[in-house]
Amino acid sequence: MIALNSPVKPNLKKLNKLLEQVNDNGWYTNFGPLHKELTAQLEHYLGVKNLLLTNNGTSALQVAAKAIGTRSILATPFSFVATVSAFKWQKDSLAFADIDKNTLNLSPDSVKQAYRKGCKADTLVATHVYGNPCDVIGLDGLSKKNNFQIIYDACHAFGIQLSGNSVLNYGDASTLSFHATKIFHTVEGGAIVFKDRVNFEKAEEIINFGIREKRGVVGVGINAKLNEYQAAVGLVNLDEIDNILEYRSELFYKYCEGLKDIVELPLWHPEANTNGAYMPILLKNNSQMYSIAQTLSEKNIQSRNYFEPSLDKIFVDSHNYGTRNSVSASERILCLPMHAHLKLEDVNKVIKELRAIL
Ligand SMILES: *Cc1c(COP(=O)(O)O)cnc(C)c1O
């Protein structure tokens, strides 16, 4: 079978060494030495400051929301459910704007229309879908004009840069997931990159029960800390990340070359590199998408209609400023196998099968 995804397997020899170190330290969680080391290495590798590790990508969104202070959000409807449920969980009011039909990212035009029609959301929540950066310049301009903050769900965008600058440096906060199924993982884990140090410091308290060193409890917090075992997995996996990103990008280009004349591919940001996080294709309509998924499945090739449904179909009591492009994309999108264990010949096989069907 050609699997849709297959997690990176941490090098156990290296991992064991680090776990022995944890035992020697006798320090298993609460901002230990490996936690500190992983933070420093990630900041260096990604080219960011103010990176706070969390226990997963969903808590990263929730903690970012608390730290920068959100009450009402205008969100993209085309993302993983956690992008929005993280904010609903803390009772933020929710509205949706639409995506751009070519990039599948939140459309600045649609955001502009929403505010023109009276949207009062204090925070925009946008996802760099499949690792493809949003129009960060366009959205940034709108945020200044309409006085809203921006949180980017960057869970797919590990290693992505815009003209050499990390995409995580845009917005008031960007969140990452280090779940086992992601490009870089700590089994479960995540991180927030804050623009402002004050928000980083607030978030550091929030993930530790609201406790500030030497002052005790200074606010309402939660427990969202990454532990030393997870940090050890992260350090081991980070050693391999360059090879993984390079290989996945190679697979991505191979797919694009083989498919660009027979299916629609999301339009990639012209100034961004690729990370091969996903391999999305757009089919003509819902029935073609399903029949192709079915035929691939008969050939032992996994695929997934991801993201589906458009999130306004789940959060039906939200305000909707028009989500036509998102609904259409969610019905036609299909993600093909993409992971670090995938072989080039498997990609060729998937391409061949798709060319035969189409
Ligand atoms: C994986 C993912 C999340 C959730 O991250 P977890 O670490 O699984 O909590 C949120 N948003 C997007 C876009 C994701 O892909």
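Side chains are part of it too, since the values below use all heavy atoms of this structure and drop only hydrogens, waters and symmetry mates. One-based numbering, in listed order, for ligands and for the atoms of each.
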Cationic N near anionic O, under 4.0 Å, Asp140 to Lys144
yes
Salt bridge Asp196-Lys49, side-chain N to carboxylate O under 4.0 Å:
no
Quick check: Tyr278 with Phe252 (ring centres under 6.0 Å apart)?
no
Mind listing the N or O contacts between ligand 1 and protein, cut-off under 3.5 Å?
residue	atom	partner	partner atom	Å
ligand 1	5 (O)	Ser177	OG	3.3
ligand 1	7 (O)	Gly57	N	2.8
ligand 1	7 (O)	Ser177	OG	2.7
ligand 1	9 (O)	Gly57	N	3.3
ligand 1	9 (O)	Thr58	N	2.9
ligand 1	9 (O)	Thr58	OG1	2.6
ligand 1	11 (N)	Asp153	OD2	2.7
ligand 1	15 (O)	His156	NE2	2.8
ligand 1	15 (O)	Lys182	NZ	2.7

Using the rule side chain to side chain contact (heavy atoms under 4.5 Å, CB included), only one of Val327, Asp312, Val84, Thr83 pairs with Pro77; which is it?
Asp312
Strictly under 6.0 Å, is that where the ring centroids of His319 and Phe96 end up?
no
Applying salt bridge (charged side-chain N to carboxylate O under 4.0 Å, His left out), run through Arg212 and Glu201 and close with a yes or a no.
CA-CA 9 Å; Arg212 181 181 286 177; Glu201 283 164 2; 5.7 Å; no
